[in-house]
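Below is one structure, written out as structure tokens; the observations come after it.
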Amino acid sequence: MAIRFYNSMHRAKEDLQPIEPGKVGLYTCGPTIYNFAHIGNFRAYMFEDLLKRYLRYRGYEVHHIMNLTDVEDKLIRTCRETGESLKTITTRYAQAFFEDLDTLGIERAEAYPAATDHVPEMVAMIKQLRDKGHTYESEGSIYFRISSFPEYGKLAHINLDELQAGGSGRVDSDEYEREDVRDFALWKAYTEDDGDVFWETELGKGRPGWHIECSAMATKYLGNHFDIHCGGVDNIFPHHENEIAQSCCATGHQFVNLWMHCAHLVVEGKKMSKSLGNFYTLRDLIAKGYDPLAIRWVLVSTHYRQPNNFTFEALDAAGHSIQRVRDFRVRLGEVKGPGGSLDEAIAACEQAFQDALDDDLNIAVGLAAVFDFIRDTNKRLDAGDIGEDASKAALALLDRLDAVTGILGAAPERAVPEEIQQLVLDRQQARRDKNFARADEIRDTLLAQGWVLEDTADGPRVKPA
RNA sequence: GGCGGCGUAGCCAAGUGGUAAGGCAGGGGCCUGCAAAGCCUUUAUCCGGCGGUUCGAUUCCGCCCGCCGCCUCCA
């Protein structure tokens, strides 16, 4: 079965057909590094992580580029307000961003090009656009003339005549001197407010507009025409629409084959906002003591085109699910000697998982297949019907699926301290002596010290609480 | 005002024109000295509400309500 993804451009699922067989060029819109990223941001990066991991699992060689926006209005304002240099701020938050990616187990892209390192490329692209007649200059700034690109609006399915200028209330339509308020800036002329944030270029003194960085960097690293471009749904318009206009007009080629956008995250059914007090950065949640893996579980386990309702109850539930998988792995690891095979069950599980993910990354159905496998296999483990080889094969399956999901791995190794081991031995003696009061007391002591004791047919087992 | 998405058990969340996956939590049971883990079983006569199409709709259509997104620099 072919992999099918929903293409925002055509509002339908399409078979994945890479431009170069076996290889996928992937561009994902990255963060503006002016603050700590919030969990909604990571919902997007998590979806992209799942996409990339799955493509690799299916044998594709993925070349992934994510930009870092390090020059932009909010950043310049922050510079002005704090007196810190642009570089100081962006360096700090870029570092924080990468730490957060690691915390969540999000795999790194091949490159994270920053806008300020690509001003010449942006200038070159703007010149191309100018030479082809897609731009005009006004008060030192250069704008893209939307009317010069008939396909404008194709991605967002927007009828330009119906576009209400300033309808969002976010932008003052008198802010810039444009021929048409719908035109967007490629190059912004320097103003006093920009402080020392400017570049002296052939286009004059100023700084690049926002959209041009993605066009310039995507084409530089992935070519004029590449496979997949991702972002949050809010990027569809205007950002991605503008990227298409710039890139197509500059290069004369189709820009991207497949546009994939994830829905937003809401918290307890409400939009995340500071005024509602439900705005969380990853660091906020970690500080509250939540397990990063549980956060990953919540972010990754909802289909990417569905709104993800982030709740603390779901976060706790995710923790229990993780424990169930880990306990299962421990059981498998303890199996010794010959016994029954799991080949059929493993193949069925993996096929179901793959069929689900092939269908536009249906992770919920994929995970259901994993849980079905866990339940059925636990049953056979109870019956003593599984051999060591089968057990290892089951663990290998979990490892393969963990490479895709990042939530099915083993618990981190934690050595059992000697005094804990001694307590376990003491308890065994107490049980042999039928001194159950003493045995229970020791079990409580262990728990108080962070260890759960379980009696199994093969003797006691301790695990971190 | 325009465009789009979502609304499924206590919570998270799949899904289909033919009568509701999975996880967590809860109830009952098996196992256990007791637990834990595991297993079995149970929890939506019903899929926001009201109509319509249909032999039949949660699934298609219309209206309403609620939540969310975009409408020129927000994932």
Side-chain angles (χ1 to χ4, degrees), chain A residues 11 28-32 37-48 69 72-74 146 156-159 161-171 173 175-176 178 181-185 188 209-213 230-239 241-242 261-266 269-271 297-298 301-303 305-321 323-325 327-328 330-331 356 362-372 374-375 378-383 431 434 436-437 439-440 443 447 452-457 460-461 463:
Chain A
R11 293 187 176 170
T28 62
C29 282
T32 299
H38 58 69
I39 54 173
N41 297 127
F42 286 112
R43 199 270 163 112
Y45 308 139
M46 193 64 80
F47 140 63
E48 291 151 2
T69 298
E72 180 262 359
D73 289 359
K74 287 193 296 285
I146 283 175
H157 297 87
I158 280 177
N159 179 345
D161 298 335
E162 290 171 357
L163 250 188
Q164 182 174 327
S168 67
R170 278 211 327 247
V171 171
S173 54
E175 188 176 353
Y176 306 114
R178 286 171 286 184
V181 288
R182 301 167 308 190
D183 292 337
F184 59 90
K188 299 174 140 181
W210 174 43
H211 312 293
I212 194 69
E213 72 178 66
C230 300
V233 284
D234 52 291
N235 278 153
I236 293 174
F237 194 87
H239 184 51
E241 198 66 63
N242 291 352
H261 296 97
C262 68
H264 278 192
L265 174 143
V266 296
K270 296 282 182 186
K271 176 182 180 171
W297 190 296
V298 168
S301 61
T302 298
H303 185 86
R305 286 192 290 113
Q306 292 294 322
N308 183 328
N309 188 15
F310 186 95
T311 67
F312 287 94
E313 203 171 336
L315 203 48
D316 292 335
H320 289 126
S321 298
Q323 193 58 49
R324 176 164 164 83
V325 174
D327 286 348
F328 176 61
V330 168
R331 286 192 84 184
N362 194 333
I363 182 74
V365 169
L367 287 175
V370 175
F371 279 104
D372 285 342
I374 290 174
R375 188 190 57 245
N378 264 325
K379 212 179 299 186
R380 290 187 58 191
L381 285 166
D382 284 349
R431 292 184 75 210
K434 303 286 181 198
F436 295 120
D440 292 348
R443 190 166 59 199
L447 186 59
V452 172
L453 187 138
E454 300 176 344
D455 293 315
T456 75
R461 166 204 297 157
K463 66 182 185 188

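Only heavy atoms go into these numbers, but all of them, side chains included; no hydrogens, no water, no symmetry mates.
One atom, CG of A:D316, and another, P of B:G10, lie 19 Å apart when rounded to the nearest Å. Summarising the geometry, the separation between CG on A:L367 and P on B:G22 is reported as 13 Å, rounded to the nearest angstrom. Between the CG atom of A:N235 and the C1' atom of B:C74 there is a distance of 8 Å, given to the nearest Å. The separation between A:F436 atom CZ and B:G33 atom C1' is 4 Å, rounded to whole Å. Residue A:I236 contributes atom CD1, which lies 15 Å from atom P of B:C74 at whole-angstrom precision. Distance, A:K463 NZ to B:A35 C1': 12 Å, rounded to whole Å. Straight-line distance from the CZ atom of A:F184 to the C1' atom of B:C74: 18 Å, rounded to whole Å. Note: CZ (A:R43) to C1' (B:G69) measures 12 Å, nearest angstrom.
Here the shortest heavy-atom pairing between A:R43 and A:A263 reads NH1-O, 2.8 Å.
If you check every strand for non-hydrogen atoms under 4.0 Å, A:R331 touches sugar and phosphate atoms only. Across all strands, A:H264 comes closer than 4.0 Å to base atoms (heavy-atom distances). Within 4.0 Å of A:A314, counting heavy atoms only, lie sugar-phosphate atoms of the nucleic acid but no base atom. Contact annotation for A:L315: no contact, since no heavy-atom pair falls under 4.0 Å across all strands. Within 4.0 Å of A:L453, counting heavy atoms only, lies at least one base atom of the nucleic acid. At a threshold of 4.0 angstrom between heavy atoms, the contacts of A:N309 are confined to the sugar-phosphate backbone, with no base atom among them. A:K270 comes within 4.0 angstrom of the backbone, heavy atoms only, and of no base. Looking at heavy-atom distances under 4.0 Å, A:D455 makes contact with a base. Across all strands shown, A:D440 has heavy atoms under 4.0 Å from base atoms, whether or not it also approaches the sugar-phosphate. The residue A:G269 sits close only to the backbone: its heavy atoms come under 4.0 Å of sugar-phosphate atoms, none of a base.
A close approach under 4.0 Å does not occur between any side-chain nitrogen or oxygen of A:K271 and OP1 or OP2 of B:C67. Distances shown here put a side-chain N or O of A:N378 below 4.0 Å from the OP1 or OP2 atom of B:C39.
Distance from the side chain of A:A317 is smallest for B:G23 among the nucleotides B:U72, B:G23, B:C12. Taking only side-chain atoms of A:Q306, from C-beta outward, the nucleotide of B:A35, B:C70, B:A14 with the closest atom is B:A14. Side-chain atoms of A:D234 lie closest to B:A75 of the nucleotides B:A75, B:A37, B:C39. Closest to the A:R375 side chain, of the nucleotides B:C11, B:A75, B:C39, is B:C39. Listed nucleotides: B:A75, B:A14, B:C24. Nearest to the side chain of A:R324: B:C24. For A:E72, the listed nucleotide lying nearest its side chain is B:C74; candidates were B:C12, B:C74, B:C34. Side chain of A:N362, nearest nucleotide from B:G33, B:G69, B:G15: B:G15. Nearest nucleotide to the A:E313 side chain, out of B:U72, B:G10, B:A35: B:G10. For A:A439, the listed nucleotide lying nearest its side chain is B:G33; candidates were B:G69, B:C24, B:G33. Nearest nucleotide to the side chain of A:P307, out of B:C6, B:G33, B:A36: B:C6.
The stacking criteria are not both satisfied for A:H303 over the base of B:A14, which would need a centre-to-centre distance under 5.5 angstrom and an angle between ring planes under 30 degrees. Residue side chain A:F371 fails the stacking definition with respect to B:G22, as its ring centre and the base's six-membered ring centre are not both under 5.5 angstrom apart and under 30 degrees in plane angle.
Side-chain atoms of A:H261 and A:N235 form no donor-acceptor pair, as typed in the model, at a separation below 3.5 Å.
With both ends at atom C1', the span from B:A14 to B:G29 equals 29 Å, rounded to whole Å. Rounded to whole Å, the separation between the P atoms of B:C63 and B:C3 comes to 11 Å. A distance of about 7 Å separates the C1' atoms of B:C61 and B:U53, rounded to the whole Å. Across the P atoms, B:C34 and B:C46 are found 41 Å apart, a figure rounded to whole Å. Rounded to whole Å, the separation between the C1' atoms of B:C30 and B:U45 comes to 30 Å. On the P atoms, B:U43 is 12 Å away from B:A20, given to the nearest whole Å. A distance of about 10 Å separates the P atoms of B:U58 and B:G49, rounded to the whole Å. B:G5 and B:C60 are spaced 11 Å apart, taking the P atom of each and rounding to whole Å.
Within 6.0 Å of the NZ atom in A:K271, the count of heavy atoms belonging to other residues, nucleotides or ligands does not exceed 12.
Nearest-nucleotide assignment on RNA chain B puts the 5′-proximal partner with A:R11, out of A:R11 and A:G232. If you find the closest nucleotide of RNA chain B to A:N41 and to A:I374, the one lying nearer the 5' end belongs to A:I374.
Using a 4.5 Å heavy-atom cutoff, the side chains of A:N242 and A:W210 are not in contact. Between A:P31 and A:N41 there is no side-chain heavy-atom pair separated by less than 4.5 Å. Put simply, the side chain of A:S321 reaches to within 4.5 Å of the side chain of A:W297, judged on heavy atoms. Counting heavy atoms from C-beta outward, A:H211 and A:P238 have side chains that approach closer than 4.5 Å. Between A:D327 and A:K463, the closest side-chain pair of non-hydrogen atoms falls below 4.5 Å.
The partner of B:A37, taking Watson-Crick or G-U wobble pairs whose two distances both stay under 3.5 Å, does not exist in any strand shown. The partner of B:C46 cannot be assigned: no Watson-Crick or G-U wobble pair with both contacts below 3.5 Å exists in any strand. With a 3.5 Å ceiling on both atom-pair distances, B:A57 lacks any Watson-Crick or G-U wobble partner. With a cut-off of 3.5 Å on both pairing distances, B:U72 has no Watson-Crick or G-U wobble partner at all. Nucleotide B:A21 has no partner under the Watson-Crick or G-U criteria, as no pair reaches both atom distances under 3.5 Å. Checking B:C6 for Watson-Crick or G-U wobble geometry (two distances, each under 3.5 Å) identifies B:G66 as its partner.
Of the residues A:V298, A:T302, A:V266, the one that meets the side-chain contact (heavy atoms from CB on, under 4.5 Å) test with A:F310 is A:V298.
A salt bridge does not link A:D382 to A:K379: none of the charged nitrogens lies less than 4.0 Å from a carboxylate oxygen.
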